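Positions are given from 1, in the same order as the sequence printed here. Please read these numbers as outputs of a predicted model, since none were measured by experiment.
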Amino acid sequence: MVAKTFQGLEDVLAGELRALGAVNVEPGRRMVSFEGDKTMLYKANMCCRTALRILKPIYKFIARDPDELYELIKAFDWSSVLSLDKTFSIDTVANSDEFNHSRYVTYRVKDGIVDYFRDKLGPDSRPRVRLQDADVRINVHIQGERVTVSLDSSGESLHKRGYRVAQTEAPINEVLAAGIILKSGWHGETPFIDPMCGSGTFVIEAAMIAAGINPGIYRRRFAFEAWPDFDAELFDAIYNDDSNERTVTSPIIGCDMSPKAIAIASENVKSAGVGRYVSLEVKPLSQWTEAPADGILVTNPPYGERISSPDMEGLYSLIGTKLKQVFVGYHAWIIGYREEYFQKIGLAPSLKEPLYNGALECELREYVIFQGDYRSFRRDGGRLKTESEERPAKTSRPRSSDREWRSEARKAGFGGKRISERKPFERERSGFSKGEEKYRPQKGRFAPRVETPKSENPLAARRNEHALKSIIGREPSISKEKSGVTFRPRRGWKRPGQDDAGKNETND
């Protein structure tokens with residue numbers, strides 16, 4: 001199976017799937033592949049907080065043009081997944097030179113499916129296409145000539161939990177919100193605060209994580225419920241399993257300067273059934289003077305795109321001021337879009353990660369807010385994660401030519417290291433053995449050096465030694481004319497009066 005997600009959340013989703021019991025979990029780009037049975041399919045839809053949809057591949061093949069695509073689609077046994085009384089829809093993603101119009105691919109796939117039923121059951125027998133809320137949703141993914149046809153087991157995107165009854169302008173996606181919280185490592189052990197909560201997405205997702213509430217319980221339906229092999233009894237058992245639910249003991253606080261936003265957040269909190277865990281208050285950031293000790297702050301301030309402030313730089317500067325004055329002992333996680341606004345916070349982030357918020361390539365930053373200066377923080381055992389620790393070290397594999405060179409050199413008596421890899425004092429002391437000289441390159445930086453007389457020109461030391469040797473003690477070997485020095489013409493260029501072969505057309 002394949003679980004789709006946002007770029008930057010692949011590792012979080014992979015961890016969720018492993019915790020559910022999936023095997024052969026392999027993160028990719030905006031997706032995680034995994035294996036499991038029907039129970040795993042249902043659990044992935046019901047329990048994964050960072051999955052957008054769960055696909056079940058059913059057919060893979062190579063197609064070189066739209067006609068071959070149509071024929072191979074038509075050859076599949078569509079009666080195993082679709083019947084005449086069911087509606088279907090097709091979602092296409094194509095990354096291919098041959099299939100560069102996803103809508104045309106969709107039409108050809110639809111024709112292949114319809115013609116399969118017509119050929120088998122008669123010219124008037126065909127399932128109906130329905131663009132919204134279809135019974136069977138088919139996903140077609142084309143990469144070059146490789147085609148993968150999958151059944152979409154989720155239906156509507158899994159970020160649409162079902163608890164949101166109202167929203168402010170530009171709310172953060174539920175999957176992205178849950179992913180940021182899970183990236184922070186928070187599971188309800190410490191206070192959670194969003195001082196600019198908007199419609200309440202962060203605090204609701206935090207409450208669900210802390211209480212162990214599965215995000216799928218609010219959904220009206222999943223697409224797999226219309227499949228021929230749907231196991232209603234198994235699904236009911238998974239849906240009603242509340243064994244992971246627990247009591248929330250730490251405060252979860254959401255505030256906003258807008259009374260309208262807090263009213264909307266209150267409706268959404270009640271709809272999600274987490275009202276007893278979440279505290280909401282109309283409170284501008286400037287009025288924060290204290291906060292529960294040693295908590296976590298997660299927020300999505302305005303970017304200056306769809307939502308703006310009269311003084312964006314002043315807003316981010318205020319965020320930095322309040323972090324240093326009010327939220328000492330906190331880990332603050334802030335997602336933003338513009339570097340110049342981040343700079344106004346005035347704090348060094350301990351972590352920076354790229355994340356997409358819709359079409360915007362944003363960045364998630366963590367700020368560790370400690371008392372006093374950095375030296376005291378380190379002396380007391382504190383430690384910030386550096387960028388070198390965030391990113392895996394790059395490893396290089398020797399090129400085939402290097403491996404061959406080392407193998408041959410080892411046979412000749414040399415230890416297998418390139419000359420440059422040996423310590424300088426070892427090269428000077430030992431010189432070159434016969435084996436080394438045999439395989440020593442004649443050109444490049446490892447070629448034998450030829451001692452040349454020192455030139456009076458101070459720039460000569462940076463020039464090619466062999467070229468210098470050829471001109472020392474005599475004039476440069478270039479022709480002169482009365483008018484001065486003439487240079488060799490560029491390739492393809494000819495002087496006036498020359499034919500195509502470069503010969504003079506006249507006797508001059």
Side-chain angles (χ1 to χ4, degrees), residues 1-63 72-73 76-82 88 90-95 109 135-159 175 178-179 182-183 212 214-217 219 221-241 243-244 392:
M1 290 171 278
V2 172
K4 306 288 287 185
T5 189
F6 288 115
Q7 185 172 340
L9 298 183
E10 298 91 347
D11 55 339
V12 181
L13 178 54
E16 287 194 276
L17 290 167
R18 292 189 185 101
L20 291 174
V23 297
N24 294 332
V25 178
E26 293 290 342
R29 188 168 183 267
R30 298 180 181 175
M31 53 79 69
V32 178
S33 63
F34 65 101
E35 294 180 7
D37 55 11
K38 188 180 293 185
T39 300
M40 186 65 233
L41 175 70
Y42 294 174
K43 281 186 175 181
N45 278 282
M46 178 64 65
C47 305
C48 283
R49 303 181 191 279
T50 55
L52 291 170
R53 59 183 70 253
I54 308 298
L55 305 178
K56 178 184 176 182
I58 58 173
Y59 189 26
K60 296 182 180 182
F61 56 88
I62 299 295
L72 289 169
I73 287 291
F76 182 73
D77 181 13
W78 288 102
S79 61
S80 61
V81 296
L82 189 60
F88 74 97
I90 301 168
D91 179 38
T92 300
V93 177
N95 300 310
V109 171
D135 296 319
V136 178
R137 297 179 59 137
I138 298 167
N139 180 278
V140 179
H141 184 272
I142 302 180
Q143 185 68 43
E145 297 178 346
R146 294 174 295 176
V147 182
T148 301
V149 180
S150 304
L151 293 180
D152 183 347
S153 68
S154 306
E156 201 170 32
S157 175
L158 293 176
H159 84 274
V175 163
L182 293 176
K183 272 184 173 291
N214 291 327
I217 66 168
R219 300 261 301 189
R221 67 186 291 272
F222 294 94
F224 61 73
E225 295 181 62
W227 291 2
D229 62 346
F230 174 60
D231 189 334
E233 185 175 345
L234 173 62
F235 178 63
D236 286 344
I238 294 172
Y239 184 90
N240 294 314
D241 181 13
S243 59
N244 290 326

Pair Asn139, Leu151 - check side-chain contact (heavy atoms from CB on, under 4.5 Å), show working. CA-CA 6 Å; Asn139 180 278; Leu151 293 180; over 6 Å; no
Does some side-chain heavy atom of [Y] sit less than 4.5 Å from a side-chain heavy atom of [X]?
X      : Y      : answer
Met1   : Leu41  : yes
Thr39  : Ile238 : yes
Cys48  : Leu17  : yes
Ser157 : Arg53  : yes
Thr5   : Met31  : no
Val2   : Lys56  : no
Leu158 : Asn45  : yes
Glu26  : Val32  : no

CD/Glu35 to CG/Asn24 distance, rounded to the nearest 0.5 angstrom?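 With rounding to 0.5 Å, CD (Glu35) is 4.0 Å from CG (Asn24).
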Spacing of CD1 belonging to Ile138 relative to CD1 belonging to Ile58, to within rounding of 0.5 Å: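 The CD1 atom of Ile58 is 6.5 Å from CD1 of Ile138, to the nearest 0.5 Å.
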Backbone N/O of [Y] and side chain of [X]: donor-acceptor pair under 3.5 Å:
X      : Y      : result
Glu10  : Pro27  : no
Tyr42  : Asp231 : yes
Ser154 : Ile54  : yes
Arg49  : Leu13  : no
Lys38  : Asp229 : yes

Taking all atoms of both residues into account, what is the closest heavy-atom pair of [X] and [Y], and its distance?
X      : Y      : answer
Val12  : Gly179 : CG2-O, 4.4 Å
Asn214 : Asp241 : ND2-O, 4.2 Å
Asp11  : Gly8   : OD1-O, 3.6 Å
Ile217 : Tyr239 : O-OH, 2.8 Å
Pro228 : Ser80  : CG-O, 4.0 Å
Phe34  : Ala44  : CZ-CB, 4.2 Å

So, Glu16 versus Thr50: side-chain donor-acceptor pair below 3.5 Å or not?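 Note: Glu16 and Thr50 side chains meet the donor-acceptor criterion.
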Qualifying residues under salt bridge (charged side-chain N to carboxylate O under 4.0 Å, His left out), relative to Lys60, sequence neighbours excluded: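 For Lys60 there are no salt bridge (charged side-chain N to carboxylate O under 4.0 Å, His left out) partners, ignoring immediate neighbours.
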Between Ile142 and Val93, does the side-chain contact (heavy atoms from CB on, under 4.5 Å) criterion hold? Intermediate values first, please. CA-CA 6 Å; Ile142 302 180; Val93 177; over 6 Å; no
With side-chain contact (heavy atoms from CB on, under 4.5 Å) as the criterion, how do Val140 and Ile90 come out once you've worked through the C-alpha distance, each side chain's angles and the decisive distance to 0.1 Å? CA-CA 7 Å; Val140 179; Ile90 301 168; 4.0 Å; yes
On the 0 to 90° scale, with breaks at 30° and 60°, tag the Phe224-Phe230 ring pair as parallel, tilted or perpendicular.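 Because their plane-to-plane angle lies in the 30° to 60° range, the rings of Phe224 and Phe230 count as tilted.
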Under 30°, 30 to 60°, or over 60°: which ring-plane class applies to Trp78 and Phe76, parallel, tilted or perpendicular?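 The rings of Trp78 and Phe76 stand perpendicular, inter-plane angle above 60°.
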Is there any salt bridge (charged side-chain N to carboxylate O under 4.0 Å, His left out) pair reaching into residues 137-151, and which pairs are they, with sequence neighbours excluded?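 Non-adjacent pairs meeting salt bridge (charged side-chain N to carboxylate O under 4.0 Å, His left out): Arg137-Asp152.
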Run the numbers on Glu156 and Phe222 for side-chain contact (heavy atoms from CB on, under 4.5 Å), then give the verdict. CA-CA 8 Å; Glu156 201 170 32; Phe222 294 94; over 6 Å; no
